[in-house]
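Within every chain, numbering begins at 1; the chains are lettered A, B, ... in the order of the sequence lines, protein sequences first and strands thereafter. We use all heavy atoms of the structure for the numbers below, so side chains are in, but hydrogens, waters and symmetry mates are not.
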Amino acid sequence: MSRTKGDEEEYWNSSKFKAFTFDDEDDELSQLKESKRAVNSLRDFVDDDDDDDLERVSWSGEPVGSRTRPGSFQSLSDALSDTPAKSYAPELGRPKGEYRDYSNDWSPSDTVRRLRKGKVCSLERFRSLQDKLQLLEEAVSVHDGNVITAVLIFLKRTLSKEILFRELEVRQVALRHLIHYLKEIGDQKLLLDLFRFLDRTEELALSHYREHLNIQDPEKRKEFLKTCIGLPFSAEDSAHIQDHYTLLERQIIIEANDRHLESAGQTEIFRKHPRKASILNMPLVTTLFYSCFYHYTEAEGTFSSPINLKKTFKIPDKQYVLTALAARAKLRAWHDVDALFTTKNWLGYTKKRAPIGFHRVVEILHKNNAPVQILQEYINLVEDVDTKLNLATRFKCHDVVIDTYRDLKDRQQLVAYKSKVDKGSAEEDKIDAILSSSQIRWKN
Amino acid sequence: MAFPHRPDAPELPDFSMLKRLARDQLIYLLEQLPGKKDLFIEADLMSPLDRIANVSILKQHEVDKLYKVENKPALSSSEHSMQVQSLCLSFLPSVLLQRIPVLVRAFGLCFLVRPRIRNMRYIANLVNADKVAGRTRKYKVIFSPQKFYACEMVLEEEGIYGDVSCDEWAFSLLPLDVDLLSMELPEFFRDYFLEGDQRWINTVAQALHLLSTLYGPFPNCYGIGRCAKMSYELWRQLEEEEDGETKGRRPEIGHIFLLDRDVDFVTALCSQVVYEGLVDDTFRIKCGSVDFGPEVTSSDKSLKVLLNAEDKVFSEIRNEHFSNVFGFLSQKARNLQAQYDRRRGMDIKQMKNFVSRELKGLKQEHRLLSLHIGACESIMKKKTKQDFQELIKTEHALLEGFNIREGTSYIEEHIDRQVSPIESLRLMCLLSITENGLIPKDYRSLKTQYLQSYGPEHLLTFSNLRRAGLLTEQAPGDTLTAVESKVSKLVTDKAAGKITDAFSSLAKRSNFRAISKKLNLIPRVDGEYDLKVPRDMAYVFSGAYVPLSCRIVELVLERRSWQGLDEVVRLLNCSECAFTDMAKEDKASSESLRLILVVFLGGCTFSEISALRFLGREKGYRFIFLTTAVTNSARLMEAMSEVKA
C-alpha cells in the first residue's frame with residue numbers, strides 16, 4: 001500500500017533504522033570527491049562513445065548539461081518506425097541536415113554490440129530472412145538475453161508467425177526467450193499458437209490452465225476450469241484437472257448453503273463456531289476438514305458430507321482419518337474420535353485400529369488439548385513401550401507411566417519417577433503402594 | 001570459538017568504494033531531472049538503497065517525497081494475462097489519485113525501478129492519467145541495474161515513449177559485508193534456471209568488469225556451468241572491447257571461480273544449522289539485516305538489526321554450528337557480568353574512568369548479546385515444535401541414500417498433515433535429486449497428495465520443478481543404470497562416459513550418489529563428530545555432508561585446474577562447460593593468490609559461505625563471495641511456486 005507522507009518519513013527516518021543503516025561520516029565531503037573521481041573514471045568505460053567529435057554525453061546517452069527534452073532519446077523500437085529522422089539519436093548529435101542513418105552500414109555483429117550497450121540502433125536494414133536470422137544468431141552467440149529479446153521483438157513484427165515459429169524451432173535458446181517474453185507481456189494468444197505449432201501439447205494445456213489464477217469470480221472460474229478438462233494433459237494431470245473442477249463445483253454449492261445456514265442463525269454449530277473464511281478455492285484436505293467440522297453426521301448423499309468427499313476424490317484412509325481426527329478433536333467430540341478407531345471383527349468383538357499409528361493420534365489429541373483420561377486411553381494403545389513411555393512422560397499421563405514401569409518390573413525408574421509427581425497426590429500413593437507390594441518380583 | 005584467521009591470511013580489498021560509487025551515480029542521475037521531484041521506488045530496491053544512501057541525501061537533491069511503487073494484483077511476477085491488464089487499467093489510476101494527493105503539484109516524477117514489464121504498466125497508468133487530466137510533468141525512469149528493450153517496448157505501446165526519459169543506474173554490486181557482495185537479483189534464479197532467459201548475463205559480465213577495473217585483473221579463472229561459461233565469455237569480450245582498462249594493473253584478487261546454482265541444488269535444499277544460515281531460514285535475512293520480532297527482543301517492539309562483521313557478538317557465532325552457540329553466548333554473558341561487577345570495589349576516580357571508557361562498550365555488547373540469546377531461544381522453540389531433530393535425521397538419510405522408504409513416508413506424512421507447503425516441496429526435491437528422480441509410483445502418489453493438501457493449482461509448480469530438474473520422475477530408461485554400470489566395467493572409462501552421456505542426454509540426471517562417492521561428500525566418522533572443533537566443511541551440516549559446491553571449489557583450487565576431475569564434471573553434466581583460464585605472465589603477488597572470488601550464479605546460501613570461510617582459515621585463503629542473491633531452500637522453492645502466498 002502507498003504510504004502517506006507521515007508514514008514514509010517514519011519509515012525512512014525512524015531512529016532504529018538509522019542506527020545501523022547509514023554511515024554518515026564526518027569526512028563525507030572528501031569521500032564524495034573521491035567517488036566523483038571514480039565516477040568520472042568510470043564514465044570512460046561506461047560511456048565509450050566511439051565518435052570523438054561528438055558532444056559529451058551522459059550515461060543515458062543524452063547530452064550532458066542539456067535539458068532533458070521529452071522525446072530526445074531513442075530506442076530500438078523508435079528506430080524501427082517508418083520515420084527514422086523524426087528525432088535524432090543523441091549520440092549522433094549532428095545537425096538535422098546532416099543526418100543520415102549510419103546504422104545502414106552496421107554489420108550484424110556491430111549492431112548486436114551496440115544493442116548490448118543499450119544504444120539506439122536501427123534494425124531496419126535486416127530485411128531478408130537470411131539477414132534476420134544472421135542477426136539473431138549473432139545475438140545468441142554473445143549470450144545477452146536482453147539483446148536476443150530485442151531482436152526477437154523485431155522478428156516478431158517483421159516475420160509471419162509461421163516463419164518465425166519455424167525458424168525458432170531449431171533455435172532453442174532464442175525460442176526460450178520468446179516464450180518468456182510472451183509470458184511476461186501476457187500475449188497468451190501468440191504463446192498458445194506457438195505451443196500448438198511446436199506440438200508441445202502439455203505446455204499448451206498448462207499454459208491455458210494457468211489463466212484460471214486470474215479469474216476471481218468463482219462461477220467464472222469454474223466455467224473456465226470446465227474448458228480445461230478436455231485439454232491434452234498427461235493422463236495423470238487430466239484426473240487432477242477434473243478433480244479441480246469438481247472440487248470448486250462442490251465448494252460453490254457448500255458455500256452458498258452454509259452462508260445461508262449461518263446467516264439464518266438456526267444451526268447450532270455455525271452459531272457456536274462461526275466460519276472464519278469462505279471455503280471457496282481451498283485445497284481438498286481443508287475442504288474435508290471443514291466438512292468434518294460442520295457436516296460430520298450428514299448422510300453420504302449430500303455434497304457436503306465427509307464420506308461423499310472421501311468417495312468422490314478417492315481420499316486414502318490414512319488422510320481421511322487424520323483429517324477427521326483433527327476436526328473432531330478440535331470440537332472436543334471425543335465420542336466421534338473413539339468411533340473413528342473402533343472396528344468390529346466378524347465375531348462382533350470391537351477392536352481399536354488406527355491407520356496412522358496411535359502415537360500420531362495421541363499427538364494430535366494433545367495438540368487439541370484433550371483431557372488426560374482421553375490421552376491416557378490412546379497412549380495405552382501404543383504398542384512400542386519406549387514410544388509409549390516417552391509420550392506418557394511428555395504429556396504427564398502419570399498412570400500410564402507408573403503402570404508401565406510396574407509391568408516392566410523396573411523399580412529404579414519407578415522410584416525416580418516418584419519425584420515427578422506432586423507430593424501427597426493419588427499418583428504418589430499409587431507408586432508407594434506398588435513399591436511396597438510383595439507380589440512383584442522387581443528386576444532391579 | 002570463532003577461529004581466528006591465520007596470521008598470513010591476506011587482507012580483503014575495501015569494497016565500501018562500491019557503495020560510494022553507486023551513491024554518486026544515483027545523485028548524478030537525480031540531477032538529470034532538475035527541480036523538485038517525487039521519487040517512486042520499487043519495493044525490492046528500498047533495502048539496497050538504504051544501504052548506500054539516506055533520505056537527507058535524496059532531499060539534498062531535490063527529492064520531495066518518496067513513494068513505494070505498488071504492483072498490487074496478487075499474481076505471480078511472470079503472469080500478466082489480459083484479465084490482469086484490464087484490471088490494472090481500470091483500477092490503478094483512481095486508487096493512486098486517492099492515495100497520492102501530491103499529484104496535483106507540477107513536480108517531476110522519478111521512478112527508480114527494476115526493469116520489469118509490470119513496472120512499465122504502472123508508470124504508463126500514472127502518466128496516462130496525467131494526460132487525461134491535462135497535467136504536464138517531467139518523468140524519468142531510472143532502471144536498475146539496467147534497462148531492457150522489452151520494457152521500452154511497453155512504454156512505446158502504452159503511448160508514453162518520449163514523455164518519459166530513461167536512464168540506467170548500474171548499481172549491481174552491493175557489499176553486504178566485508179567479504180560478501182550481492183547483486184540483489186533473486187529473480188535471476190527463476191529467469192535463468194526455469195525460463196532459460198539470459199537477460200542477466202550481461203549484468204553479471206558488467207559487474208565482473210567493474211570489479212576488475214577497480215581491483216585489478218583476475219589472473220586465474222575457473223568456472224562450471226553453462227551460465228558461468230556464458231557470463232565469462234561475455235565478460236572477456238567486454239574486457240577486450242575496453243582494452244587497456246586493466247592492463248598493467250597488479251591483480252589484487254588472484255582467483256575467480258564462477259559456479260552455476262544448478263551444479264549443486266542439493267546443498268541449497270538442506271536445512272541450515274550454522275547460526276547465520278539458521279537465522280536466515282528462521283527469520284529471513286533481507287539485504288544483510290533481519291527483523292527480530294517481539295519474541296526475540298523480549299519487548300513489544302520489533303527491531304531491525306544489521307548482521308555483519310561489525311556486530312562483534314554476531315561475527316563470533318555466525319559460522320558456528322548451532323549447538324555451540326548457546327554455550328558460547330552464556331559464557332560471554334558471564335564474562336560481561338564479571339566486567340560489570342568490577343565496578344563494585346572502585347573508588348570514584350576508577351568509576352569515572354569505567355563509565356567514560358568501558359560502560360558504553362559493555363552496554364553495546366550487552367544489547368547485542370541479549371538479542372542473539374533471544375534469537376537462539378526463539379529458534380529453539382520453533383525447531384522443537386516442528387520436531388527438527390526428526391527432520392534433520394531424514395535429510396541426512398536422504399543424503400546418504402539409506403532408508404529411502406522411511407524418508408518417503410516421512411515426506412508423505414508432512415504433506416498429509418499440511419505442514420508448510422514449501423517445506424514439503426523442499427523435501428520432495430531433495431529426495432528427487434539425491435535419488436536421480438522419484439520412482440514413478442512415488443512421484444504420482446506424492447504429487448496427488450500434495451495437490452490435495454495444498455491446492456490443485458500446484459500442478460503448475462510441479463511442472464516448473466520438472467522443467468528446472470528439481471523434481472523429476474525416473475524415466476523408464478533410468479532402470480538401465482544397472483546395465484550401464486555393468487557395461488562400464490567392461491569397457492574403458494572413456495567409452496563408458498560416452499554411453500552414459502547418451503543416456504543422460506535423454507534426461508539430465510543429477511547423479512548425486514555417484515558424485516558424492518567420488519568426492520567423499522559423506523565423511524566417514526568414527527565416533528562422534530566434534531562440532532566444536534570441526535575437521536572439515538561438513539560441520540556446516542552437522543558433520544553429515546560436505547557441500548558439493550564448496551568441495552568443487554576446494555579441489556579445483558588445489559589443482560589449479562579441472563585435471564583429474566573429468567569424471568565428476570561428466571557426472572555433473574558439465575563436460576562442455578567447465579573451464580580454466582590462466583594468465584600467462586603471472587604478476588600476482590603471493591598474497592593476492594590467496595584471495596579468491598567465488599561467484600554464485602543463481603544464489604548462494606550462508607552455509608556455503610560458512611563452509612568456505614572455514615576452508616579459508618584452514619588453508620590460509622580468504623574468500624570473497626559474489627552472489628546474484630543470498631538464497632536458501634525456501635527462496636528456491638518459492639521461486640518455483642506458481643501460487644504466491
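For chain A, the nearby part of B:N464 is the side chain; its heavy atoms alone come within less than 4.5 Å. Interface residue B:F148: backbone and side-chain heavy atoms are both found under 4.5 Å from chain A. In this structure, the portions of B:T448 lying under 4.5 Å from any heavy atom of chain A include both its backbone and its side chain. Residue A:L248: no heavy atom, backbone or side chain, is found under 4.5 Å from chain B. For a residue to count as touching a neighbouring chain, one of its non-hydrogen atoms must lie under 4.5 Å from one of that chain's; by this rule A:R116 touches chain B with backbone and side chain alike. When heavy atoms are compared at a cutoff of 4.5 Å, A:K189 does not approach chain B at all. Only the side chain of A:I148 comes within contact range of chain B, judged by heavy atoms closer than 4.5 Å. Heavy atoms of B:E310 lying under 4.5 Å from chain A are absent altogether. Of the two parts of B:R417, the backbone and the side chain both hold a non-hydrogen atom closer than 4.5 Å to a non-hydrogen atom of chain A.
Note on A:R210 versus B:E642: salt bridge recorded, some NZ/NE/NH1/NH2 to OD/OE distance being below 4.0 Å. The residues A:E203 and B:R466 are annotated as not salt-bridged, no charged nitrogen and carboxylate oxygen being separated by less than 4.0 angstrom.
Among all heavy-atom pairs drawn from A:E184 and B:R121, the shortest one is O-NH1, 4.3 Å. B:L234 approaches A:V142 most closely through the heavy-atom pair CD1-O, 3.4 Å. Considering all non-hydrogen atoms of both residues, A:T149 and B:A150 come closest at CG2-CB, 4.4 Å.
A:H212 is linked by a ring pair (Phe, Tyr, Trp, His ring centres under 6.0 Å) to A:Y209, A:H244, counting only residues two or more places apart in sequence or in another chain.
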Run the salt bridge (Lys or Arg N to Asp or Glu O under 4.0 Å) check on A:R360 and B:D416 step by step: do they pass? CA-CA 12 Å; A:R360 273 277 167 259; B:D416 287 349; over 6 Å; no
Audit row: B:K447, A:E236, side chain to side chain contact (heavy atoms under 4.5 Å, CB included) steps and yes/no: CA-CA 10 Å; B:K447 179 171 166 183; A:E236 179 204 356; 3.5 Å; yes
Evaluate the salt bridge (Lys or Arg N to Asp or Glu O under 4.0 Å) criterion for residues B:E168 and A:K117: first the C-alpha distance (whole Å), next the side-chain angles of each, then the deciding distance (0.1 Å), finally the verdict. CA-CA 11 Å; B:E168 290 180 339; A:K117 297 187 172 194; over 6 Å; no
Could you check A:R157 against B:M153 for side chain to side chain contact (heavy atoms under 4.5 Å, CB included), going step by step and ending with a plain yes or no? CA-CA 12 Å; A:R157 280 169 50 161; B:M153 196 64 211; 3.4 Å; yes
Apply side-chain hydrogen bond (donor to acceptor under 3.5 Å, both in side chains) to the pair A:T323 and B:Q418, showing each step before the final yes or no. CA-CA 10 Å; A:T323 314; B:Q418 291 186 307; over 6 Å; no
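Atom NE2 of A:H177 is separated from atom CG of B:D191 by 9.5 Å, given to the nearest 0.5 angstrom. The structure places NE2 of A:H240 at 5.0 Å from CG of B:L451, a figure rounded to the nearest 0.5 Å. Taking CZ from B:R118 and CD1 from A:I185, the interatomic distance works out to 16.0 Å, rounded to the nearest 0.5 Å. How far OG of B:S453 is from CD of A:Q319: 4.5 Å, rounded to the nearest 0.5 Å. A:H143 NE2 to B:K229 NZ: the interatomic distance, rounded to the nearest 0.5 Å, is 7.5 Å.
Side-chain contact between B:E413 and A:K318 is absent, with no heavy atoms from C-beta onward closer than 4.5 Å. Residues B:L459 and A:I241 are in side-chain contact: their nearest non-hydrogen atoms beyond the backbone lie under 4.5 Å apart.
A donor-acceptor pair under 3.5 Å is absent between the side-chain atoms of B:Q452 and the main chain of A:V285, judged by distance alone. Between the side chain of A:N146 and the backbone N or O of B:Y149, at least one donor-acceptor pair lies under 3.5 Å. In terms of modelled atom types and a separation under 3.5 Å, the side chain of B:Q198 and the main chain of A:D144 share no donor-acceptor contact.
Counting heavy-atom pairs closer than 4.5 Å to chain B, the top-ranked of the candidates A:D237, A:I356, A:N281 is A:D237. Listed options B:Q237, B:R444, B:E233 were ranked by heavy-atom pairs under 4.5 angstrom with chain A; first place goes to B:R444. The greatest number of non-hydrogen atom pairs below 4.5 Å with chain B, out of A:D243, A:V173, A:I364, is found for A:V173. Heavy-atom pairs under 4.5 Å with chain A peak, among B:E457, B:H458, B:Q146, B:Q449, at B:E457. Here B:D197 is the residue among B:D197, B:L155, B:I201, B:N202 with the most heavy-atom pairs under 4.5 Å with chain A.
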